[in-house]
Amino acid sequence: MPVNRPGQFQRRQFLRTAGGLALGAGILKVAGAWAQTDPPAAAATRPALRQLGRTGLLVTDISFGGIQIQHERLLDVAIDRGINLVHTAPGYGGGRSMQLFGKVMKRRRSEVVLALKQSPVAGIDAELRALQTDHVDL
């Protein structure tokens, strides 16, 4: 096993960091392209809706996850463009993701199916407060 010198990345750490940066750059590129698309063209490319298992919920075939969200506008653009399945978790961005989602949920909760990746064993009261809603769908 190779010795790790100070200042060197381990392979897994490098791949995780590089993958996160690539994903973030891709999301920003897509969001920028969406933001520049005029509404009639954007409406023609809305994601398809599908029933989620046996829940009866109709959700878009693509979701928006907030693991690296840096600004609430990104979630607004995703919803504007038709994505209705959004998800976050308390550990995403050290809680920052839920705070940003909360700002958007306060205004747009009725437009989305909100999923929270959280074990219900400990309860979710703090998460509901952060999300500024009284319920999650999943």
Side-chain angles (χ1 to χ4, degrees):
M1 183 163 231
V3 176
N4 226 20
R5 294 185 198 110
Q8 280 189 322
F9 278 109
Q10 289 184 344
R11 184 173 184 265
R12 286 184 183 163
Q13 182 183 11
F14 171 78
L15 291 173
R16 190 175 316 128
T17 302
L21 290 172
L23 178 63
I27 289 171
L28 290 175
K29 182 176 181 180
V30 168
W34 276 356
Q36 293 174 5
T37 306
D38 60 348
T45 60
R46 290 196 178 275
L49 291 175
R50 305 202 189 287
Q51 183 170 324
L52 182 63
R54 296 185 211 161
T55 65
L57 296 170
L58 287 178
V59 298
T60 50
D61 58 0
I62 186 170
S63 67
F64 182 93
I67 195 163
Q68 293 188 355
I69 189 170
Q70 296 296 313
H71 196 278
E72 66 193 81
R73 179 70 185 127
L74 198 55
L75 179 53
D76 274 320
V77 169
I79 296 169
D80 290 344
R81 299 299 182 231
I83 294 175
N84 77 341
L85 178 57
V86 300
H87 56 92
T88 187
Y92 287 3
R96 180 165 166 74
S97 173
M98 289 188 44
Q99 297 298 325
L100 292 172
F101 268 56
K103 290 178 180 181
V104 177
M105 292 303 105
K106 186 175 183 178
R107 298 179 277 109
R108 304 188 73 174
R109 178 64 181 93
S110 64
E111 299 175 59
V112 299
V113 173
L114 178 61
L116 178 62
K117 296 178 179 181
Q118 167 71 31
S119 171
V121 175
I124 60 170
D125 293 336
E127 288 80 5
L128 292 175
R129 280 191 300 277
L131 289 167
Q132 299 188 43
T133 187
D134 62 352
H135 72 285
V136 294
D137 300 299
L138 304 168

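Judged as a side-chain contact (heavy atoms from CB on, under 4.5 Å), and not counting sequence neighbours, the contacts of L49 are T60, N84. Every side-chain hydrogen bond (donor to acceptor under 3.5 Å, both in side chains) that S63 has, sequence neighbours left out, goes to H87. The side-chain contact (heavy atoms from CB on, under 4.5 Å) search around D61 returns P47, A48, R50, not counting sequence neighbours. Shown here are the side-chain contact (heavy atoms from CB on, under 4.5 Å) partners of L128, two or more places apart in sequence or in another chain: I124, T133, V136.
Taking both residues in full, the closest heavy atoms of L116 and P90 are given as CD1-CD, 4.1 Å, listed atom of the first, atom of the second, then distance. The heavy-atom pair separating M105 from L75 by the smallest distance is CE-CD2, 4.1 Å.
Here the CZ-NE2 distance, from R96 to H71, works out to 8.0 Å after rounding to the nearest 0.5 Å. Between the OG1 atom in T88 and the CD atom in Q99 there is a gap of 10.0 Å [rounded to 0.5 Å].
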Could you walk me through whether I69 and F101 satisfy the side-chain contact (heavy atoms from CB on, under 4.5 Å) test, starting with their C-alpha distance in whole Å, then the side-chain angles of each, then the deciding distance to 0.1 Å, before giving a yes or no? CA-CA 9 Å; I69 189 170; F101 268 56; 4.1 Å; yes
Go through the steps to decide whether I79 and F64 satisfy the test side-chain contact (heavy atoms from CB on, under 4.5 Å), and finish with yes or no. CA-CA 9 Å; I79 296 169; F64 182 93; over 6 Å; no
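A salt bridge (charged side-chain N to carboxylate O under 4.0 Å, His left out) check over residues 99-109, counting only residues at least two apart or in different chains, returns the pairs E72-K103, E72-R107, D76-R107, D76-R108, D80-R108, R108-E111, R109-D137.
R81 places no side-chain N or O within donor-acceptor distance of the main-chain N or O of R46, the cut-off being under 3.5 Å.
In the hydrophobic clustering (ILVMFWY side chains linked at under 4.5 Å, chained through shared members), L57 is joined by L52, V59, L85, V113, L138.
Under a hydrophobic clustering in which Ile, Leu, Val, Met, Phe, Trp and Tyr are joined whenever their side-chain heavy atoms come within less than 4.5 Å, directly or via other members, I83 and L58 fall into different clusters.
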